[in-house]
Amino acid sequence: QLLPETTYYWGEIAQNTSWDNKSVRFIIGDLTILPGTYLEVKPGTKIYIAESDSFKTGNINRVEFIIKGQIKAQGTSSAPITFSLSASGGQKWQGLILENADSSYLNNCQISNAYYGIKSDSSTIIIDSCQFFSNNQALNLNYTQAEINNSHFYNHLYTAIEINYSASKIVNNKAVSYTHLTLPTN
């Protein structure tokens, strides 16, 4: 069996784009989906993130995958979408960072080895049937409208889910092993 080719990314996604599983996606520097554009990720796509930011932008120590537009990641149970560090151990990547993002969704995705699996500020997101594991924190939601369904959270260093000043619907999820849920009292 032939291995898929590898395509390298950094910089900006300035037009609507689709990624499929015919190529492994390797993010070597900060990558930003610009406002008004979307990235559609097809089932079975593997996205690997470098251990360090080759271009030393934003957080100069970690690669950031920033969504200011929209991400539509639609995996399946038999062909999940993978977002993970390119090598085992070592430095973690920063995570999927939503900043004033359009309505985004992740379905049947695996997000691992990040500082934040997903950090969302002033955005709207639906997360369904996803697995988060070995992140420092799986979800960090601030001023975000979120729906989190049927997802699993495993082995996070700090917390599974932190929610601040957000309207969130959380249904039928599972958090195990060294994780806890942090909800604000405000």
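Note that the coordinates shown come from a computational prediction; the quantities given were computed from them, not determined experimentally.
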_Stepwise side chain to side chain contact (heavy atoms under 4.5 Å, CB included) test for C109 and F83_ = CA-CA 8 Å; C109 294; F83 295 89; 4.1 Å; yes
*Apply side chain to side chain contact (heavy atoms under 4.5 Å, CB included) to the pair T82 and I111, showing each step before the final yes or no.*
CA-CA 6 Å; T82 301; I111 301 174; over 6 Å; no
*asked:* Could you go through W93 and Y116, starting from their C-alpha distance and side-chain angles, then the distance that decides it, and tell me whether this counts as ring-ring contact (aromatic ring centres under 6.0 Å, His included)?
replied: CA-CA 8 Å; W93 60 292; Y116 300 108; over 10 Å; no
*Decide side chain to side chain contact (heavy atoms under 4.5 Å, CB included) for I33 and K68; before the verdict, give the C-alpha distance in whole Å, the side-chain angles of both, and the deciding distance to 0.1 Å.*
CA-CA 6 Å; I33 302 169; K68 294 183 177 184; over 6 Å; no
*List the steps and the verdict of side chain to side chain contact (heavy atoms under 4.5 Å, CB included) for Q74 and Y105.*
CA-CA 8 Å; Q74 182 68 41; Y105 62 85; 3.4 Å; yes
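With N173 contributing its side chain and I148 its backbone, the two residues share a donor-acceptor pair below 3.5 Å. Side-chain N or O atoms of T144 include none that pairs as donor or acceptor with a backbone N or O of L141 at under 3.5 Å. The backbone N or O of E64 sits less than 3.5 Å from a side-chain atom of D30, completing a donor-acceptor pair. The backbone N or O of A101 lies less than 3.5 Å from a partner atom in the side chain of S123, making a donor-acceptor pair. Here the side chain of N135 pairs a donor or acceptor atom with the backbone of N113 at under 3.5 angstrom. Judged purely by atom type and a 3.5 angstrom limit, S166 has no side-chain atom pairing as donor or acceptor with the backbone of Q145. Judged by distance alone, with hydrogens and angles left aside, the side-chain atoms of S104 form a donor-acceptor pair with the main-chain N or O of I71 at under 3.5 Å.
I28 places none of its side-chain heavy atoms less than 4.5 Å from the side chain of V63. For the pair F133 and H152, the minimum side-chain heavy-atom distance is 4.5 Å or more. In this structure the side chain of I118 reaches within 4.5 angstrom of the side chain of I125, judged on heavy atoms. Between L139 and F153 there is a side-chain heavy-atom pair separated by less than 4.5 Å. A 4.5 Å side-chain heavy-atom check between I66 and E99 finds at least one atom pair inside the cut-off. S168 is not listed as a side-chain neighbour of E147, based on a closest heavy-atom distance of 4.5 Å or more.
Taking the centre and axis of the six-membered ring of Y115, the NZ or CZ atom of K92 falls outside the cone set by 45° and 6.0 Å.
Closest non-hydrogen pair, I47 versus I49, comes out as O-CD1, 3.8 Å. Here the shortest heavy-atom pairing between S151 and D128 reads OG-C, 3.9 Å. Smallest separation of non-hydrogen atoms from E12 and L34: OE1-CD1, 3.7 Å. Summarising the geometry of A138 relative to A160, their closest heavy-atom pair is CB-O, 3.0 Å, with the distance given to 0.1 Å. Heavy atoms only, all atoms of each residue included: R25 and T45 are closest at CG-CG2, 4.1 Å.
Tested against Q137 for a side-chain hydrogen bond (donor to acceptor under 3.5 Å, both in side chains), the candidates H156, K119, E162 yield a single pass: E162. When each of L96, I81, V41, I126 is tested with L106 by the rule side-chain contact (heavy atoms from CB on, under 4.5 Å), just one qualifies, namely L96.
Aromatic ring orientation, Y165 versus Y143: parallel (interplanar angle below 30°, classes split at 30° and 60°).
Atom OG in S77 sits 12.0 Å away from atom CG in N150 (nearest 0.5 Å). Distance OG/S23 to NZ/K46: 12.5 Å, rounded to 0.5 Å. One finds the CD atom of Q15 at 11.5 Å from the CG atom of L39 (value rounded to the nearest 0.5 Å). A distance of 8.5 Å separates CG of N108 from CD of Q131, quoted to the nearest 0.5 Å. Atom-to-atom distance recorded for I67:CD1 and L98:CG is 4.5 Å, nearest 0.5 angstrom. Distance OG1/T159 to CG/N140: 7.0 Å, rounded to 0.5 Å.
Ring-centre distance between F26 and Y48: not below the 6.0 Å cut-off. Between W10 and F65, the distance separating the two ring centers is not shorter than 6.0 angstrom.
Counting heavy-atom neighbours within 6.0 Å of K72 NZ, excluding the residue itself, gives a total above 12.
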